[in-house]
Amino acid sequence: MGLNSLTIRQPILGIRMQTKANFSNAVAKKVEQVMPVAVDEFYKRAGKKGQFLNWVGLPSKQIKKVDAIYDTVNKLKNQTGAKFLTVLGIGGSKHTVEHMLGINGLNIKGDKVKFFSDIDSTSFARYMEQIDNDITNSNFLVVSKSGSTFETKDGMMRVLGKLKEKFDDGWLFKSEWEKKIAKYMVAVTGKNDATSELRRYSNEHGWLGDLYIHDDVGGRFSAFDDHALFTLAYAGMKKEDMIKMLQSAQDVSNISMSKNLAQNQALSQAAFWSAARLDGIRDSVHQYLGEMFNSTEKWHTQMQNESIKDTSKQITKITDAMHHSSEAWYKPGNKFAFALTAPYDQGFAKENVEGYVKAIEKTNSDCGPSMLELLNTQGLGLSPEAAGAMTQTRAFSTVYQEILEKKALGQPLPKVLDAVLQPNVEAYKKNLKPIEGNKPPVEAGRISLNA
């Protein structure tokens, strides 16, 4: 089974996969040679403090926490009676949740979970319109590892200000209206209040719950952390389905540190993308077929930009993009590598979907290296097993890609893999901080004098 023709016919945890490629023999051979070495490299780093790979074993830990998460959700709902849950967070604190809701067929009407992550006045006014201009129509999940992320803190301060307007009538003692506010608020942040500003604030103000972002789990790798599971439970995911999803994700972790190519889909996917880049194919596209993947597009783009740090890959939703984007993808002379992720459809559209997928896959393979990934469905989304497996596979594949490329090129690996770090965001963060002797350019929750 070589890299140029890799087929996994039987579904593994709800995933079927195949690749068709014509990489140069030298590149294919080199990548195949370093694949076992990459597994050894990953294995020796996983579970080590400071490697930011704790997401590898996180699903099994979270299975033990499922009951507590559902208990907290029920308590929050009962103590406020609010219609919605609003997630306040950016990046991995938001996109992982959107992705997990979408592929699990939850919050389709947007009637259970809302999101707010912007800082401008119009966006906040639009958000208030979504909750019928009554701040008590929503509970709030504030998600930030440090609690000092400006965008998230700004949204939180505006929400707290609105709640204060609602409950501080001038007659209640401060402690009384603060207790009312606290009933609507839940924090998901670092466990240590010495390093998390949000943990200190939530503890001091008596917010509900003991939810946290695990150490050494970066935002884009946090799809099974407390904020995502809490939101899934709030949106109505069955407890037994959550356990199936987590178990499947953990099974992928075990498989992904195996040297068996017939099983290790994450390594095989990483090898495909690595070989394409090493063979001189700079542009690529990963296509998703189906409305359930609308938010997966955002999360996968974040994985690509933050981990691979290369914007030449497009993450796109089809069928929407087929007629306009394909004009560029399939233009003779343009060199692309392609991947197509689609539902393994067993419904009323089964034959049409099979025909459509075969047509796109054939077009892709005629124009460049191609990969096809079919995912089992259930109800309004993926099966819990496929949801867990696909999500964890993406995380492993992303990290494996860096290891494979550097090993194939004979380059040394850094002490901590580049794929799990994001140092370059500091370029903008430093400009949000005050210059010595000056006022800060931004202040969370500040109200304009002209308002």
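The existence of a salt bridge linking Asp215 and Lys191 is excluded, since no basic side-chain nitrogen approaches an acidic carboxylate oxygen closer than 4.0 Å. Taking 4.0 Å as the cut-off between side-chain N and carboxylate O, Asp154 and Arg158 count as a salt-bridged pair. Under 4.0 Å is where a charged nitrogen must lie from a carboxylate oxygen, and between Arg394 and Glu373 at least one such pair does. Between Arg277 and Asp310, at least one side-chain N (NZ, or NE/NH1/NH2) sits under 4.0 Å from a carboxylate O, which counts as a salt bridge. A salt bridge does not link Lys317 to Glu291: none of the charged nitrogens lies less than 4.0 Å from a carboxylate oxygen. Of the charged side-chain nitrogens involved, none lies within less than 4.0 Å of a carboxylate oxygen, so that Lys309 and Glu306 do not count as a salt-bridged pair. Taking a cutoff of 4.0 Å between a charged side-chain nitrogen and a carboxylate oxygen, Asp40 and Lys259 qualify as a salt bridge. At a threshold of 4.0 Å, the pair Asp366-Lys362 counts as salt-bridged, since one of the basic side-chain nitrogens sits closer than that to a carboxylate oxygen. Salt-bridge check for Lys350 with Glu354: passed, with a basic side-chain N closer than 4.0 Å to an acidic carboxylate O. Asp226 and Lys65 are joined by a salt bridge, as a carboxylate oxygen and a charged side-chain nitrogen come within less than 4.0 angstrom of each other. Note on Lys313 versus Asp283: no salt bridge recorded, every NZ/NE/NH1/NH2 to OD/OE distance being 4.0 Å or above.
Formation of a donor-acceptor pair under 3.5 Å by the Thr195 side chain with backbone atoms of Asn192 is found in this model. Side-chain atoms of Ser256 come within 3.5 Å of backbone atoms of Val252 as a donor-acceptor pair (strictly under, hydrogens ignored). Ser123 places no side-chain N or O within donor-acceptor distance of the main-chain N or O of Asp120, the cut-off being under 3.5 Å. Ser284 places no side-chain N or O within 3.5 Å of a backbone atom of Ala337 that could act as its donor or acceptor partner. Ser383 places a side-chain N or O within 3.5 Å of a backbone atom of Ala386 that can act as its donor or acceptor partner. Between the side chain of Asn104 and the main chain of Met100, a donor-acceptor pair closer than 3.5 Å is present. Between the side chain of Asn107 and the backbone N or O of Val113 there is at least one donor-acceptor pair closer than 3.5 Å. In this structure, the side chain of Ser248 engages the main chain of Glu385 through a donor-acceptor pair within 3.5 Å. At distances below 3.5 Å, at least one donor-acceptor pair connects side-chain atoms of Thr301 with backbone N or O atoms of Glu297. Counting only distance, with no hydrogens or angles, the side chain of Ser222 and the backbone of Val217 share no donor-acceptor pair below 3.5 Å.
The structure places CD of Gln378 at 13.0 Å from CD of Gln346, a figure rounded to the nearest 0.5 Å. Here Phe42 contributes atom CZ and Leu404 contributes atom CG; the two are 11.0 Å apart, rounded to the nearest 0.5 Å. Here the CG-CE distance, from Leu267 to Met35, works out to 4.0 Å after rounding to the nearest 0.5 Å. We find the CG-CG distance between Leu58 and Asp216 to be 11.5 Å, quoted to the nearest 0.5 Å. Interatomic distance, Asn424 CG to Asn305 CG, rounded to the nearest 0.5 Å: 11.5 Å. Atom NZ in Lys30 sits 13.5 Å away from atom OG in Ser274 (nearest 0.5 Å).
Inter-residue side-chain proximity for Leu375 and Pro343 is flagged as unmet; no heavy-atom pair is nearer than 4.5 Å. No side-chain heavy atom of Val142 sits under 4.5 Å from any side-chain heavy atom of Val188. Put simply, the side chain of Asn334 reaches to within 4.5 Å of the side chain of Lys331, judged on heavy atoms. At least one side-chain heavy atom of Val143 sits under 4.5 Å from a side-chain heavy atom of Val87. Here the side chains of Tyr400 and Leu417 are not in contact, with every heavy-atom distance at 4.5 Å or above. For the pair Phe396/Gln269, no side-chain contact is recorded, criterion being any heavy-atom separation below 4.5 Å from C-beta on. For the pair Arg220/His95, no side-chain contact is recorded, criterion being any heavy-atom separation below 4.5 Å from C-beta on. Counting heavy atoms from C-beta on, the side chains of Lys407 and Gln33 never come closer than 4.5 Å.
The local environment of CG in Asn25 is sparse, with at most 12 non-hydrogen atoms from other residues, nucleotides or ligands closer than 6.0 Å. By the 6.0 Å contact criterion, NZ on Lys239 is enclosed, its count of non-hydrogen atoms from other residues, nucleotides or ligands being greater than 12. By the neighbour-count criterion of 12 heavy atoms within 6.0 Å, atom NE2 of His323 is sparsely surrounded, having that number or fewer from other residues, nucleotides or ligands. For CD of Glu426, the number of neighbouring non-hydrogen atoms (other residues, nucleotides, ligands) closer than 6.0 Å is greater than 12. More than 12 heavy atoms of other shown residues, nucleotides or ligands fall within 6.0 angstrom of atom NZ in Lys406. Heavy atoms of other residues, nucleotides or ligands lying less than 6.0 angstrom from CZ of Arg126 number 12 at most.
Seen from the ring of Tyr344, Arg16 counts as a face-on cation partner, given the 6.0 Å and 45° thresholds. Under a cutoff of 6.0 Å and an axis angle of 45°, Lys77 and Tyr234 form a cation-pi pair.
Aromatic ring pairs are classed by plane angle as parallel below 30°, tilted from 30° to 60° and perpendicular above 60°; the pair His286 and Tyr288 is parallel. Between Trp55 and Phe221, the angle of the ring planes stays under 30°, which puts this pair in the parallel group of the 30/60° scheme.
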request  = Please lay out, stage by stage, how Gln287 and Asn364 fare under the test side-chain hydrogen bond (donor to acceptor under 3.5 Å, both in side chains).
outcome  = CA-CA 10 Å; Gln287 305 158 327; Asn364 289 348; 3.0 Å; yes

request  = Test Asp225 against His214 for side-chain hydrogen bond (donor to acceptor under 3.5 Å, both in side chains), laying out the working first.
outcome  = CA-CA 7 Å; Asp225 221 326; His214 287 72; 2.7 Å; yes

message = Show, in sequence, the C-alpha distance, side-chain angles and deciding distance for Ser117 and Lys94, and conclude whether the side-chain hydrogen bond (donor to acceptor under 3.5 Å, both in side chains) test is met.
response = CA-CA 8 Å; Ser117 59; Lys94 178 187 179 187; 3.1 Å; yes

key: ring-ring contact (aromatic ring centres under 6.0 Å, His included) evaluation trace for Tyr330 with Phe338   = CA-CA 11 Å; Tyr330 305 134; Phe338 300 90; 5.5 Å; yes

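Between the side chains of Ser196 and Thr189, at least one donor-acceptor pair of N or O atoms lies under 3.5 Å.
Remark: of the listed residues Leu141, Asp71, Leu208, Leu208 is the sole one forming a side-chain contact (heavy atoms from CB on, under 4.5 Å) with Leu76.
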